[in-house]
Amino acid sequence: MNATRTPRTGRPASRPGRAAAHRLALLESMLRVRRFEERCVELYSAARIRGFMHLYIGEEAVAAGVNEALTDEDAVVSTYREHGHALARGVPAEAIMAEMFGKATGCSRGRGGSMHLFDASRRFYGGNAIVGGGLPLAAGLALADRMTGRARVTCCFFGDGAYAEGEFHETANLAALWGLPLLLVCENNLYAMGTALARHQAQTDLALRAAGYGMVAWAVDGMDVLAVEDAARRAAEGVRAGGGPHFLEMRTYRFRAHSMYDSDRYRDKAEIEHWKERDPVEGLARRLREAGELSDEARTTLEDRLAAEIDAAVQAADRAPEEPVEDLLKYVTSPVEASRP
């Protein structure tokens, strides 16, 4: 299970939220995602995880930084590359791993798998396998909050590929028109599956285009978790204060292929290695070591604790039951519909 954490308040622990303990917590959040994803590669290769799987390795700073800026009352809507978002939101690794294994103890009862993680108790509303499919859902959640007067933010993650979908433009237009409390976080990793950004967008400055809808928008170094957190806090505060939707273009990069089925022949290997020099996990660790805030012994202790957490999640998933065959139609229709002759 994830380490116990204090509730999110949407405010930094200290101005400007750079206390050593806070930086170490961000490192832990990113490392948890990295090590979880690396274990998933091993399990997938051993056919213990099946189906489609999209890894978040390289983009950890976005999930960790943005989620630190949100409160427990805020909502998060994600994409099919959502393991990192779910872990950073606080969904236990045990519940996620069980879902990956298709077990009944999974966060979606084993019915969703890698692309459909869901945890209503943490206001984490998916995981969505359809590109851009989470955007209208996020607009609906934000509209409900505006209509009921709740001072909450709905944060929607999506990729640069989803930016080309009609759902983005319809959502952005309505969100700005209605002044919805919506935080749009575009994870621009430069490739929509195997298509480079410049091959599907005439204007590659996505924040500039989003500003055309009349919303506050700017680009962020998505490989720097501290920059991500600062930007997300500013944006969330603006949304919460009634400033309408805000758009953040997180300029990041995935180190792995689009999915486990992808041969990754569309990228030059030198380009991948260049981006790995800006690894968000090791970048923060290096800064902490240079500041005297992270010793080699402390790093080893943290790595050992996370390894034990993930080991426990895998073991629990192995032991967990599969859903009984007689329950397979449960939740497919409402109780009222199911009772009709």
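Heavy-atom basis, side chains included; hydrogens, waters and symmetry copies ignored.
Between the side chains of Asp160 and Gln201, no donor N or O sits under 3.5 Å from an acceptor N or O. For His83 and Ser114, the side-chain atoms include at least one donor-acceptor pair closer than 3.5 Å. Donor-acceptor pairing under 3.5 Å is recorded for the side chains of Arg150 and Thr148. Checking Thr301 against Asp304 by side-chain atom types alone, no donor-acceptor pair falls below 3.5 Å.
Using a 4.5 Å heavy-atom cutoff, the side chains of Asp224 and Arg287 are in contact.
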Q: Kindly indicate, with the supporting measurements, whether the criterion side chain to side chain contact (heavy atoms under 4.5 Å, CB included) is fulfilled by Leu184 and Leu135.
A: CA-CA 9 Å; Leu184 297 168; Leu135 285 155; 3.7 Å; yes
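Classified by interplanar angle (parallel below 30°, tilted 30° to 60°, perpendicular above 60°), the ring pair Phe168/Phe158 is tilted. Classified by interplanar angle (parallel below 30°, tilted 30° to 60°, perpendicular above 60°), the ring pair Phe52/His54 is parallel.
Summarising the geometry, atom CD1 belonging to Ile272 is positioned 13.0 Å from atom CD belonging to Glu277; distances are rounded to the nearest 0.5 Å. In this structure, Ser45 OG and Met260 CE are separated by 4.5 Å, a value rounded to the nearest 0.5 Å.
Using a 4.5 Å cut-off between side-chain heavy atoms of Ile, Leu, Val, Met, Phe, Trp and Tyr, with links allowed through other members, Leu328 and Val332 fall into different hydrophobic clusters.
Each of Tyr331, Tyr125, Phe124 was compared with Phe118 under the ring-ring contact (aromatic ring centres under 6.0 Å, His included) criterion, and only Tyr125 meets it. A side-chain hydrogen bond (donor to acceptor under 3.5 Å, both in side chains) with Glu187 is found for one member of Arg251, Arg81, His85, Arg254 and no other, namely His85.
Applying the ring pair (Phe, Tyr, Trp, His ring centres under 6.0 Å) test to residues at least two apart or on different chains, the pairs with a partner in residues 177-206 are Tyr191-Tyr266.
Taking the charged nitrogens against the carboxylate oxygens, Glu42 and Arg39 do have a contact shorter than 4.0 Å, which makes a salt bridge. For Arg278 and Asp221, the salt-bridge test passes: some basic side-chain N is under 4.0 Å from an acidic carboxylate O. One finds a salt bridge joining Arg111 and Glu323 here, because a Lys/Arg side-chain nitrogen approaches an Asp/Glu carboxylate oxygen to under 4.0 Å. No salt bridge links Arg286 with Glu282; every basic N to acidic carboxylate O contact stays at or beyond 4.0 Å. Salt-bridge formation is not detected for the pair Asp262/Arg256: no Lys NZ or Arg NE/NH1/NH2 atom is positioned less than 4.0 Å from an Asp or Glu carboxylate oxygen. A salt bridge links Arg233 with Glu229: the distance from a Lys NZ or Arg NE/NH1/NH2 to an Asp or Glu carboxylate oxygen falls below 4.0 Å. For the pair Lys276 and Glu273, the salt-bridge criterion is met [side-chain N within less than 4.0 Å of a carboxylate O].
Scanning all heavy atoms of the two residues, the minimum distance from Asp279 to Val281 falls at OD1-N, 2.8 Å. Heavy atoms only, all atoms of each residue included: Gly58 and Pro280 are closest at O-CG, 3.5 Å.
The cationic group of Arg234 lies under 6.0 Å from the six-membered ring centre of Trp218 and within 45° of the ring axis, placing it in a cation-pi geometry.
Remark: Arg50 pairs with Ala47 by the side-chain contact (heavy atoms from CB on, under 4.5 Å) rule, at least two apart or across chains.
Within 6.0 Å of the CZ atom in Arg267, the count of heavy atoms belonging to other residues, nucleotides or ligands exceeds 12.
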